[in-house]
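Labels below follow one simple rule: chain letters A, B, ... track the order of the sequence lines, proteins then strands, and each chain is numbered from 1. Because the structure is a prediction, the values reported are computed rather than measured.
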Amino acid sequence: MITIYNTQTRSKVDFESIERGKVGMYVCGPTVYNYIHIGNARTFISFDIIRRYLTWRGFKVTFVQNVTDVDDKIIKKAAEEGRGAAEVAAEYTDAFIADMRAAGVLDPDIRPKATEEIPEMIDLVMQLIEGGHAYAVEGDVYFAVRSFAEYGKLSGRKIDEMESGHRDLRTSGLEDRKRDPLDFAVWKAAKPGEPSWESPWGAGRPGWHIECSAMSRKYLGLPFDIHGGGADLVFPHHENEVAQSEAACGCTFANYWIHSGMLQINSEKMSKSLGNFLLLRDVLETTRPEVLRMLMLQTHYRSPLDFSDERLTEAEAALSRIVNTVKNLEWLEANAADIPSPLDIRALMAQTQTARNEFIAAMDDDFNTAGALGVVFAFVSDINAAVADKTLSISDVPAIYQARAVLVELMGVFGIALEGEQVEAQYPCEVVALAHDLAGYPGASETQAVEALLACREQARKNKDWALADKVRDGLAALGLTIEDTPQGPRI
RNA sequence: GGCGACGUGGCCAAGCGGUAAGGCAGGGGCCUGCAAAGCCCUCACCCCCAGUUCGAAUCUGGGCGUCGCCUCCA
């Protein structure tokens with residue numbers, strides 16, 4: 001059973017998807033007015049790992065991430081640069097997608113753009129007005145927070161407390177048009193020169209919050225399973241999404257709210273004023289994406305994560321420990337000799353099994369990547385110790401192969417590909433997982449050992465490593481097993 | 001002022017009532033032509049105080065400290 005910390009209940013709860021075996025997931029994407037920064041990357045990588053894990057655990061995940069391509073900041077940027085807002089948005093949308101791919105983040109299944117979903121947003125606004133949850137004022141439309149009794153339930157705030165404690169709610173004249181200072185715009189009247197769409201309230205554009213409400217509803221339906229984003233979006237963005245969506249449909253919006261912690265640089269908040277604002281693309285100039293991921297894996301996704309060059313260096317060293325072990329195992333497989341074995345195969349296979357189980361236990365517990373990574377390292381130590389200074393026998397190859405396959409598989413769940421050619425355990429992992437599950441994996445059965453051995457030989461043949469392939473065949477022959485190569489593959 | 005999070009070895013970090021994972025760095029040894037990698041050993045009374053309990057890093061209360069959100073923000 002997977003447990004997830006739900007922001008709304010502020011507790012870890014068992015995860016049950018709405019539809020058995022399927023998960024609908026929505027993660028707020030960026031507003032494309034600049035290249036994304038390393039903090040954005042933390043959030044997106046966190047959810048990439050969550051998505052990969054759910055997929056690996058057997059869920060069919062539908063992952064939706066929007067691009068907010070119409071917004072005040074984009075308009076401002078365009079004005080500064082003397083060009084169109086659409087042009088600015090298009091440039092940074094492309095850059096965003098390129099940056100995500102460079103960081104090893106899988107593409108979402110659906111990546112809606114706000115500007116292409118305007119009719120759905122207008123529909124939603126109309127619904128809110130009809131339901132008495134929103135009102136139009138001179139071309140603007142505001143959501144009436146007092147009309148939604150549960151306003152504040154996600155972020156744990158109460159309307160009255162917010163108003164009494166709020167600093168400067170009534171400073172601008174604009175606020176007077178609202179019935180309540182906390183009411184927020186769901187539709188904004190266009191000023192001259194701004195991008196706009198026709199609507200029942202005149203030319204204008206959608207408010208930020210309504211975009212996500214409309215797009216998530218359209219592509220996932222309500223309610224859906226998981227809504228995610230950075231912790232700084234809890235209020236007001238997500239709170240407002242809940243209010244709009246639930247006021248309109250009269251149902252629950254999202255069952256689980258997952259928020260990733262903020263990234264800090266050298267223990268300080270990242271901000272332009274502090275001069276410590278790091279773009280993802282700049283970091284990736286000098287850092288491999290696996291190393292960045294490794295750094296992020298070492299901290300739980302909900303905790304603040306401190307980013308620094310020192311930590312990057314440490315992450316690189318840590319990763320190389322795993323890589324070295326994989327390389328070592330590859331070498332051992334290729335150089336197994338026809339001699340009596342000094343290796344305790346059963347122990348190694350049991351450790352492989354334990355590692356896989358404990359990895360799952362850690363990840364099932366609210367995606368505890370740091371704990372899971374600890375399991376991986378413990379496994380690496382087990383392997384290294386088992387194999388240290390030994391000349392291995394042909395008969396050890398299945399156990400070695402399995403250990404390596406699982407190591408690669410588990411790191412693959414994190415989105416770190418250790419190597420791709422020899423072991424077919426690189427992502428998509430669900431295929432591998434399925435195969436293992438069907439075989440009652442992991443176990444130490446002869447059948448599996450033989451299968452692993454056959455796979456090994458096939459790989460060797462593919463690499464035209466005839467010496468190794470023949471060694472495997474001879475080794476099996478010595479055990480009384482004869483391999484026959486058929487058009488469908490090897491058979492015993 | 002309101003809401004919330006956190007404080008574990010030199011650094012990072014898991015831990016969710018039963019006697020401190022893991023990584024990085026450091027020290028000693030082994031292996032090695034040298035090195036790298038690796039192996040073995042070594043390095044913590046978990047911010048302070050009080051309480052609950054047979055037993056607490058883990059629960060409760062009170063301190064001290066750090067940070068985040070409350071405004072656009074991943």
Next on the checklist: For RNA chain B, which residues of residues 286-300 of chain A approach it to below 4.0 angstrom with any heavy atom?
Outcome noted: A:Gln298, A:Thr299, A:His300
Checklist entry - Which side chain to side chain donor-acceptor pair (under 3.5 Å) pairs, counting each pair once, include a residue from residues 27-37 of chain A, with sequence neighbours left out? => result A:His37-A:Asn40
Next on the checklist: Check this for me: A:Lys113, atom NZ, are more than 12 non-hydrogen atoms of other residues, nucleotides or ligands nearer than 6.0 Å?
Outcome noted: no
For residues 313-323 of chain A, please give each side-chain donor-acceptor pair under 3.5 Å, one per line with the distance, not counting sequence neighbours.
{"residue": "A:Thr313", "atom": "OG1", "partner": "A:Asp309", "partner atom": "O", "Å": "2.9"}
{"residue": "A:Ser320", "atom": "OG", "partner": "A:Ala317", "partner atom": "O", "Å": "2.7"}
{"residue": "A:Arg321", "atom": "NH2", "partner": "A:Ser381", "partner atom": "OG", "Å": "3.0"}

Checklist entry - The side chain of A:Gln264 lies closest to which of these nucleotides: B:A74, B:C67, B:C39? => result B:C67
Checklist entry - Could a donor-acceptor pair under 3.5 angstrom be found where the side chain of A:Lys269 meets the base of B:C67? => result no
Nucleotide N/O of nucleotides 9-11 of chain B paired with protein N/O under 3.5 Å:
none

Checklist entry - Pairs in or reaching into residues 362-374 of chain A: which pass salt bridge (charged side-chain N to carboxylate O under 4.0 Å, His left out), with residues at least two apart or in two chains? => result A:Lys12-A:Asp365, A:Arg57-A:Asp364, A:Arg302-A:Asp366
Checklist outcome for this item: Partner of B:G38 under the Watson-Crick or G-U wobble criteria, both distances under 3.5 Å, comes out as B:C30
Next on the checklist: Under the rule for salt bridge (Lys or Arg N to Asp or Glu O under 4.0 Å), what residues qualify as partners of A:Arg217, not counting sequence neighbours?
Outcome noted: none
Checklist entry - With a 4.0 Å cut-off on heavy atoms, is A:Lys327 in touch with a base, just the backbone sugar-phosphate, or nothing at all? => result nothing
Next on the checklist: Judged by each residue's nearest nucleotide on RNA chain B, which is more toward the 5′ side, A:Gly261 or A:Leu373?
Outcome noted: A:Leu373
Next on the checklist: Could you work out, with side chain to side chain donor-acceptor pair (under 3.5 Å) as the rule, every residue matching A:Lys76, not counting sequence neighbours?
Outcome noted: none
Checklist entry - With respect to the side chain of A:Lys12, which nucleotide from B:C24, B:A14, B:C16 is positioned closest? => result B:C16
Next on the checklist: With a 4.0 Å cutoff (strictly under), does any side-chain N or O of A:Asn368 reach OP1 or OP2 of B:G15?
Outcome noted: yes
Checklist entry - Mind checking who B:C3 pairs with, Watson-Crick or G-U wobble, both distances under 3.5 Å? => result B:G68
Checklist entry - Would you say A:Asn384 reaches B:C39's phosphate, i.e. side-chain N/O to OP1/OP2 under 4.0 Å? => result yes
Checklist outcome for this item: Comparing A:Asn324 with A:Thr313, nearest RNA chain B nucleotide closer to 5' gives the residue A:Thr313
Checklist outcome for this item: Sorted by chain and residue number, the ring pair (Phe, Tyr, Trp, His ring centres under 6.0 Å) partners of A:Tyr256 (sequence neighbours excluded) come out as A:Phe15
Checklist entry - Can you name the ring pair (Phe, Tyr, Trp, His ring centres under 6.0 Å) partners of A:Phe63, sequence neighbours left out? => result none
Distances for protein N or O near nucleotides 28-33 of chain B N or O, under 3.5 Å:
none

Checklist entry - Which part of the nucleic acid does A:Ala317 contact within heavy-atom distance under 4.0 Å: base, sugar-phosphate only, or nothing? => result sugar-phosphate
Checklist entry - For A:Phe359, which residues count as a ring pair (Phe, Tyr, Trp, His ring centres under 6.0 Å) partner, sequence neighbours excluded? => result A:Trp56, A:Phe414
Checklist outcome for this item: Across all chains, not counting sequence neighbours, the ring pair (Phe, Tyr, Trp, His ring centres under 6.0 Å) partners of A:Phe44 are A:Phe96
Next on the checklist: Tell me which nucleotide, if any, is Watson-Crick or G-U wobble paired with B:U8 when both distances must be under 3.5 Å.
Outcome noted: B:G15
Checklist entry - What's the closest nucleotide to the A:Leu233 side chain, out of B:A74, B:C70, B:G23? => result B:A74
Checklist entry - For B:C43, what is the paired nucleotide under Watson-Crick or G-U wobble rules, both distances under 3.5 Å? => result none
